[in-house]
Amino acid sequence: MKEKLIKYINRIYFGIYLYTRELDIPTYYVGRKDYYRGQLGFKICCLMIMLYASGFLSIIVFLVGEQFAYLIKSNFIYKIIYIILLLCIYFLFSQITSLEGNKGLAYFEQFDQEPHSIKIKWMVIGAFAFILGIAFFILGMKIFPIF
């Protein structure tokens, strides 16, 4: 189940990379096969993960309680801790979903061999997931605005 979910999430990343057309060039570095990952596609995927992490953390803080949320808003040190926690959640999400690892690149290699219609399907799903991430972020900021 976990493997299937990770594969699905990596297909969404692949769909986002297809918009920028930056994942097409296989290269060999120190005898290891790698793909050229352009900066724009990678940044868009990182932004999507950050949107989901921010929305997730905002909802968690809201569920913990109003006094805890007020403490974070009122004190600068707690805002810094909140931002550090947000970055930790971001790195956890990107590590779990194999965005930067060799496992993710192996998935990309498999997806690159699929027909064009399947790639278009994942481009649409990737765009929908990105828009859903924006909506989740807006919902989180409405519930718990940090600034």
Side-chain angles (χ1 to χ4, degrees), residues 1-112 119 121-147:
M1 177 71 179
K2 179 183 172 190
E3 190 69 29
K4 202 172 200 178
L5 181 65
I6 290 173
K7 196 172 192 178
Y8 185 77
I9 291 171
N10 275 286
R11 283 183 183 222
I12 292 172
Y13 292 154
F14 183 70
I16 290 172
Y17 267 104
L18 285 174
Y19 279 110
T20 59
R21 305 236 186 258
E22 295 175 330
L23 192 66
D24 294 330
I25 308 166
T27 59
Y28 292 92
Y29 181 71
V30 192
R32 220 174 65 177
K33 187 174 185 178
D34 199 4
Y35 278 90
Y36 169 73
R37 291 180 279 181
Q39 293 300 313
L40 184 60
F42 184 70
K43 287 178 183 177
I44 291 172
C45 288
C46 291
L47 177 66
M48 183 177 69
I49 294 172
M50 187 61 83
L51 290 171
Y52 277 103
S54 177
F56 177 74
L57 188 58
S58 295
I59 290 171
I60 292 296
V61 167
F62 175 74
L63 293 176
V64 167
E66 188 67 31
Q67 291 176 345
F68 185 70
Y70 176 75
L71 181 67
I72 292 175
K73 286 183 196 177
S74 64
N75 196 334
F76 180 72
I77 299 298
Y78 288 115
K79 284 184 183 181
I80 298 293
I81 292 171
Y82 179 84
I83 291 170
I84 290 171
L85 187 60
L86 177 66
L87 290 174
C88 290
I89 290 174
Y90 161 77
F91 287 125
L92 179 70
F93 282 1
S94 65
Q95 187 69 27
I96 288 172
T97 59
S98 305
L99 177 62
E100 300 180 38
N102 292 331
K103 191 177 196 180
L105 288 174
Y107 284 138
F108 282 359
E109 188 174 300
Q110 292 173 4
F111 303 148
D112 197 34
K119 290 178 183 179
K121 175 183 118 177
W122 285 107
M123 285 177 73
V124 171
I125 292 172
F128 180 71
F130 190 79
I131 292 170
L132 189 64
I134 292 171
F136 194 56
F137 171 76
I138 291 171
L139 175 70
M141 287 297 115
K142 289 285 187 186
I143 290 175
F144 176 67
I146 183 69
F147 299 106

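Just so it is clear, the values below take in all heavy atoms, side chains as well, and ignore hydrogens, waters and symmetry mates.
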Nearest 0.5 Å please: distance from the OH atom of Tyr78 over to the CD1 atom of Ile83.
15.0 Å
How far does CG of Leu132 sit from CE of Met48, to the nearest 0.5 angstrom?
10.0 Å
Considering only heavy atoms from C-beta outward, does the side chain of Phe62 approach that of Lys142 to under 4.5 Å?
no
Taking all atoms of both residues into account, what is the closest heavy-atom pair of Ile59 and Leu139, and its distance?
CD1-CD2, 4.2 Å
Work out which heavy atom in Ala129 is nearest to a heavy atom in Ile12; give both atom names and the distance.
CB-CG2, 3.8 Å
Residues Ile9, Phe93; criterion side chain to side chain contact (heavy atoms under 4.5 Å, CB included); working and verdict
CA-CA 11 Å; Ile9 291 171; Phe93 282 1; over 6 Å; no
Stepwise side chain to side chain contact (heavy atoms under 4.5 Å, CB included) test for Tyr52 and Ile89
CA-CA 10 Å; Tyr52 277 103; Ile89 290 174; over 6 Å; no
Just wondering, are more than 12 heavy atoms of other shown residues or ligands nearer than 6.0 Å to CZ in Phe136?
yes
Any side-chain heavy atom of Phe14 within less than 4.5 Å of one from Lys119?
yes
Given 3.5 Å as the limit, does a donor-acceptor pair link the side chain of Ser58 with the main chain of Ser54, or not?
yes
Between Trp122 and Tyr8, is the ring centre distance below 6.0 Å?
yes
For Phe130, does the CZ atom sit with more than 12 other heavy atoms under 6.0 Å from it, leaving out its own atoms?
yes
State the CG-OH distance between Leu51 and Tyr90, to the nearest 0.5 angstrom.
11.0 Å
Quick note, salt bridge (charged side-chain N to carboxylate O under 4.0 Å, His left out) partners involving residues 9-20, not counting sequence neighbours, are Arg11-Glu114
Val61 and Tyr82 have their tightest heavy-atom pair at CG2-CE1, 3.8 Å
Compare all side-chain heavy atoms of Ile49 with those of Tyr13 and state whether any distance is below 4.5 angstrom.
yes
Run through Ile44, Leu47, Ile125 and flag the one making a side chain to side chain contact (heavy atoms under 4.5 Å, CB included) with Ile16.
Ile44
